[in-house]
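Below: the structure, in structure tokens.
If you read the sequence from its start, that first residue is 1, and numbering goes on from there.
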Amino acid sequence: MRVFARSKSRRGVNPLSITDLITYFRARFDREEGQTMAEYGVVLAVITVAAIAALGVLSGAITGAIDAVSSRL
């Protein structure tokens with residue numbers, strides 16, 4: 001399977017077609033090795049909840065820092 005092919009164009013690389021991208025992603029994610037897409041989704045959800053919680057806890061400090069900077073300007 002080719003990902004990039006050299007050409008004589010200005011850029012030096014032929015753009016990938018949609019069919020090439022679909023073939024690449026199917027080959028990449030159809031494997032049953034490692035984590036599945038569902039596991040990636042769960043990890044992303046946990047990270048998102050943690051980031052929102054951290055911003056909620058630190059919102060007072062963030063507001064204070066922004067106010068301090070704006071008062072010096």
Cluster check V49, I47: I/L/V/M/F/W/Y, side chain < 4.5 angstrom: no
Interatomic spacing from CD1 in I62 to CG in D67 - rounded to 0.5 Å: 12.0 Å
L58 reachable from I66 in the ILVMFWY side-chain graph, under 4.5 Å edges: yes
